[in-house]
Amino acid sequence: MKGVIMAGGFGTRLKPLTIHRPKPMVPIANRPIMEHIVELLRRHGITDLVSILYFQPEHIIDHFGDGSAFGVRMQYVTAEADYGTAGAVRNAGALIEGERVLVISGDVLTDFDLGAIVAEHDARGAEATIALTPVENPLAFGIVIVDRDTGRIERFLEKPTWGEVFSDTINTGIYVLEPEALERVPPQTNVDFSKDLFPQMLREGARLFGHVAEGYWRDVGNLNEYRAAHEDVLAGRVRVSLRGEHRASAGADLWGEHGASVAREAKLVGTVILGRNARVGRGAVLENVVVGAGSEIGEGAELRGVVLWEGCRIGAGARISETVCAAGVRVGDGALVRENCILSDRSEVGELAVVGPNVKVWPDKVVEERAVLTHSLIWGEAWERSLFHGARVSGMPNVELTPEIATRLGGAFGAILGPGAYVATSRDSDRASRMINRALITGFISAGVNVEDLREMPIPVVRHAVNHGREAGGIHVRRSPFDPKVVDILFFDADGRDLQPGKTQSIERLFGREDFPRAGPDGTGGINFPTRVVEGYREHFLSEIDRSLIAEHRFTLVVDFAYGTTVAVFPGLLGALQTETVSLDAYAAPGRLSRSEEEFRESLARLGGIVRSIDADLGLWIDPGGEVIHLVDDAGRALSPERAQAVMVGLALDYLDVRRVAIPVTSPAVVARIIRERGAELIWTKTEHHAMMASATQADLVAGARGEFIFPHFIPAYDGMFSAVRLLEALARAGVRLGEAADRVPPIHIRQARVASPWGRKGAVMRQLIEETEDADRQLVDGVKVWVGDDEWVLVIPHSHKPYFVITAEGVDEARAEALVAEYVRKVERWRDDG
């Protein structure tokens, strides 16, 4: 006899636990549900198995392989189409032909005596036997009525109402079938056992019997049943094999796999199951808990009725009750997770955050520090206070930022622009960016807006096209340079600058209401593909610089293009200036557009090494979108963004006819001093992008402290390519190398920290800060900046869309900068907690 395991469908009712794995692979007591079924079959001598696979079959195949590690022989059949339950088994073909089979679902938990079912099947000479069991609530199952004396099935009733419940005996989905039963099923036809095959056999008088099985059975079909299954395992109501060594201690039954450890001061109550290499910290309290492999529970944490999957990290002092934490979940120190919650794969709960009862947090979602979450956090939602962050909308593609949402965004922006208007669209080389860009285009043309699709294009070129063209606005879609899971949509105004806050708020209102006007049947917008955008940018670019001066100098450069779109534009410009250029990462690589901090440092170190080895004049790292630059001097030293800012400002004032300079309030004191010493006008700006771009109307140079520069006479927005060439022009005029100019800038010591704060306490903290610094030398341009001396200051800014404060300080040395940050961290924490 062969065993046939029906390895589940999509597991919709178990979402969000089944988003990244099929239902049979959801663990119960640290083993996939299906592994418990395989063990049950093996225990009853059924070791030749065929698995019928549906959703995400690779997870099951990778886990079980040929079955030898589990004492069975496993073969697989992947469902080619929806043939129903009986049709899927018939589709196994030669693997079961001529064989008696025992069919069982791979996503139930049971300890039925399969041998007794088979024995009764034999004793009755049955063609098919259905295993039955009584349940408290039969509404979700198929009711089966059996003749008490003969065991023959008399009636089926699929998914009854309470008025149709004449029995509490239900079909468990476990069948013993003779070959002739399956021969009744036409090949490659949708046939269901309980809806089609068994009623047909009943009508034809076939030998169809029911066996009321003794023991435990539960359909793990939804989240409540999943929790209940674990409760039953921990309470010993079901006979399953638990891994590891069993040890009874005062008040607890402990099962621990190899490498699991429990600190002596920890308290265990009820039944606790620890997976391989799981660790429980000092003072932790665990009551009826399952801990997955490699999971760690911090000191003093309290877990009651909790299931942790593999790789979870629970912070010190965290409290969690009756909750399931899927793979890789992070819960911060002191966080509270209330009853009946689901924390899905890789979701995070920040320090001191509170997750209310009955909440589901879907994969990769983050509940910020000290946030209070009272509703489920699902696909298409973000635990944020607004859609826009400045002029940017960000989210995980196909998760938060779906094509449907992008289409709505395009329609809302199109409604602001108006029918007949033109808009520029563009993107990087990432596939998800292309998808979102096309969805936005759909939204635009549905609003009657004409689209100029520039396709793959550096952001400054797009801004330039909008600034000098007929477009009333533009967008650029990119893979976030900071987070590989996120896609950004950047929104541009008619002058190429970031879209103004008033307009983003209007888009957000329309997006939320979905009542923006659509074009009539004949008013749909058109799509054009302009061909001279790069040529127009290049011509204007070269007209704004001293080409002959730069060409005479014959600069040798090493440029890291970071796999970005500038590789299609910048090399030609540098060639026109007769530079000798060594290019790095100068090709499209859609999967490498984001870099971690460590990867970025490695890129700069590589860049510096090559600069030294060939004695180049400088190295340049330009971000994938072409807006931000980082510099390496001729000695191979990477300049910090603050030092690069000081160098650029000094050279521009001395050699590029710059007289008005705008800098953000986070800029080091030396930059302000350089501007004042040259007798130039100093304009302080906020740190946000739209504020810095707004200052371009008043300045000749906007110099950011993160590698971004604006030369407004070219375009009033960031342009890393133009900024780099203007730097070359200034160095040529000065007759110095970059290292010499950088050495003129004194050491800069800036430190930063953040303090978590509930949104409701931000205003109170700022009020206290204003009162405290009333008599101090302070600036109120962006947050509160307190000058402690000529070269020392502290800046406190409440983050615009995150629940925390950013505290930045500059000191005469590192120790002083750290002391100033620490002082104001303490103050902000005190003011936050006073309420």
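Numbering of residues begins at 1 and proceeds along the displayed sequence.
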- Query: Below 4.0 angstrom, N of the basic side chain to O of the carboxylate: do Asp453 and Arg455 qualify?
  - Reply: no
- Check ion pair Glu580-Arg554 (N to O, under 4.0 angstrom): no
- Closest heavy-atom contact between Ala424 and Val466? CB-CG2, 3.7 Å
- Pick from Glu810, Glu818, Glu642: which one makes a salt bridge (charged side-chain N to carboxylate O under 4.0 Å, His left out) with Arg751? Glu818
- Would you say Leu577 and Leu573 make side-chain contact, with heavy atoms under 4.5 Å? no
- Going by an N to O cut-off under 4.0 Å, is there a salt bridge joining Arg637 and Asp743? yes
- Query: Just one of Glu627, Arg463, His689 clears the side chain to side chain donor-acceptor pair (under 3.5 Å) bar with Tyr718, so which one?
  - Reply: His689
- Message: Could you check whether any side-chain heavy atom of Leu639 comes within less than 4.5 Å of a side-chain heavy atom of Val632, counting everything from C-beta outward?
- Response: no
- Salt-bridge test for Arg470 and Glu452: reply yes if a basic N is under 4.0 Å from a carboxylate O, no otherwise. yes
- Item | Pairwise side-chain contact, Phe491 with Arg392, heavy-atom cut-off 4.5 Å (strictly under) | no
- Task: On the 0 to 90° scale, with breaks at 30° and 60°, tag the Phe722-His713 ring pair as parallel, tilted or perpendicular.
- Result: perpendicular
- Does a side-chain N-to-carboxylate-O contact under 4.0 Å join Asp488 and Arg478? yes
- Item | Residues forming a side chain to side chain donor-acceptor pair (under 3.5 Å) with Glu681, sequence neighbours excluded | none
- Electrostatic pair Arg733:Glu729 at N-O distance under 4.0 angstrom: yes
- Item | Close side-chain approach of Ile489 and Leu401, heavy atoms under 4.5 Å | yes
